[in-house]
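Keep in mind that what you see is a predicted model, and the values were worked out from it rather than measured.
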Amino acid sequence: MEASGLPPATELNETELNETLSHDTSGLVVMVTLNAVALLANSGVLAVVVKVPHLRKFSLVCHLCIVDLLCAALLMPLGIVCGSPFFAGVIFSVLECRLYIFLNAFLISASIFTVTVISIERYFYIVHPMRYEAKMTPWLSAAVMGLVWVVSTLLGLATVFGWPSYGSRSSIAATHCSLHWSHSGHRRVFAILFCTVCFCVPAAIIIAVYGHVYKVAHTAARERGPIPSWTMATAHPKKRTLVGGKAALTLAIIVGQFLLCWLPYFAFHLHLSLGFSHSTSEEAEGPVTWLAYSTFAVNPFFYGLLNRQIREELCKMLLCCRSVGRPVRPSVSGHERSGQEDFFHFLHRSGDRDGVRCSYHMATPRSTMDQTSFRIPGQIPEEMT
């Protein structure tokens, strides 16, 4: 009998087993790494904003860190248990599974709504600066954050009353506990509502406001009118064009990150809820879910650490921890430098609403005159009341 040249079946089985084990292990490592990064990054930004007095006005960034920290502490560990084959033997009670689904809807909604509010805040900061200075008070920030929690709670409770339905089951495997394992009509209604309220509307708002901000940046980059004294470093036409490109790149990255992380997640669950199931849907759910969860680790970098004041204060805090008792060379604070930063610097570091506000209080009379007399091309002309 001639040899066929094919490896024995046992060797094939061992090879497939090793590949599956390697795939599962790498997936677990990625999930744990994202969870750890989300915990550390959000904790670091939150600690800096709370500790440093002149950074406490970043209330919405602080709120986003709190929401994402809750996601990292509660939602992501449960996602690891439900998504990793290493925990395939874990059994959830119906109450535990409903709690996981509630946290999904509740915390995801809160995080997306907060990102949307931050984008609206930046829009008014840039396009309507005088109105922003007059209207953006701590009370308004608190009211907006309260509204975010109320709407998120209502969406989360929609998963508790009448959905999901497990019939007479008293328990369910952790790997089967997800948003699409119920086949009731209520689930379809919720999926459409969830996708519309938590993704379609916020995505439309984010694209619209950042598109308008880009128009202001593009107009300001093209026009070569008089510029205030603190922007003389960017007076050269080539440099001005380059900075306008950085502003566009910053806005494109922010919008692109939001769409990249959340569009597959909501499209996947809406697709399954409408009855278009596929044999590979269970395999695709894990990567899609963790692509969405990765935003909890990315948000503190986009909305916190790209801010120069927060980044420098965090570096000083880390240096103090490493060299206790050793004098640290003082650096220029956000208050002292904010008057020297123009509109494009603001865009390049993903927004800093305290910079201009601090400059009104800390600037010299000459710089104050320059600020009030200069209008960025494309801004809405306003008057202080």
Is there a donor-acceptor contact under 3.5 Å from the side chain of [X] to the main chain of [Y]?
| X | Y | answer |
| --- | --- | --- |
| Thr114 | Ala110 | yes |
| Thr33 | Val29 | yes |
| Ser119 | Thr116 | yes |
| Ser26 | His23 | yes |
| Asn42 | Phe296 | yes |

Worksheet item: Does Ile66 share a hydrophobic cluster with Val50, counting links as ILVMFWY side-chain heavy atoms below 4.5 Å and allowing steps through other members?
Response: yes
Discussion item. According to a hydrophobic-cluster definition based on side-chain heavy atoms being under 4.5 Å apart (Ile, Leu, Val, Met, Phe, Trp, Tyr only), do Ile310 and Val37 belong together?
Written reply: yes
Worksheet item: Any side-chain heavy atom of Val48 sitting closer than 4.5 Å to one from Met317?
Response: yes
Worksheet item: Are any of the side-chain heavy atoms of Val52 and Lys316 separated by less than 4.5 Å?
Response: no
Practice prompt. Could you label the plane-to-plane angle of the Trp149 and His63 rings as parallel, tilted or perpendicular, counting under 30° as parallel and over 60° as perpendicular?
Written response: perpendicular
Worksheet entry | Whether Tyr265 and Trp262 hold their rings parallel, tilted or perpendicular, with breakpoints at 30° and 60° | perpendicular
Practice prompt. Hey, could you give me the CG/OG1 distance between Leu260 and Thr295, rounded to the nearest 0.5 Å?
Written response: 9.5 Å
Worksheet item: By side-chain contact (heavy atoms from CB on, under 4.5 Å), which residues pair with Val255, not counting sequence neighbours?
Response: Ile206, Ile207, Tyr210, Leu259
Nearest non-hydrogen partners of [X] and [Y], listed with the distance:
| X | Y | value |
| --- | --- | --- |
| Pro264 | Val288 | O-CG1, 3.5 Å |
| Val49 | Phe58 | CG1-O, 4.1 Å |
| Asn299 | Ser111 | ND2-OG, 3.7 Å |
| Phe113 | Cys198 | CZ-SG, 4.1 Å |

Item to complete: Determine, stepwise, if the pair Cys200 / Cys195 fulfils disulfide (SG to SG under 2.5 Å).
Response: CA-CA 6 Å; Cys200 295; Cys195 293; over 6 Å; no
Discussion item. Run Arg122 and Val209 through side chain to side chain contact (heavy atoms under 4.5 Å, CB included) and show every step you take.
Written reply: CA-CA 8 Å; Arg122 290 176 175 177; Val209 297; over 6 Å; no
Practice prompt. Compute the centroid of each ring, for Phe124 and then for His128, and state whether the two points are separated by less than 6.0 Å.
Written response: yes
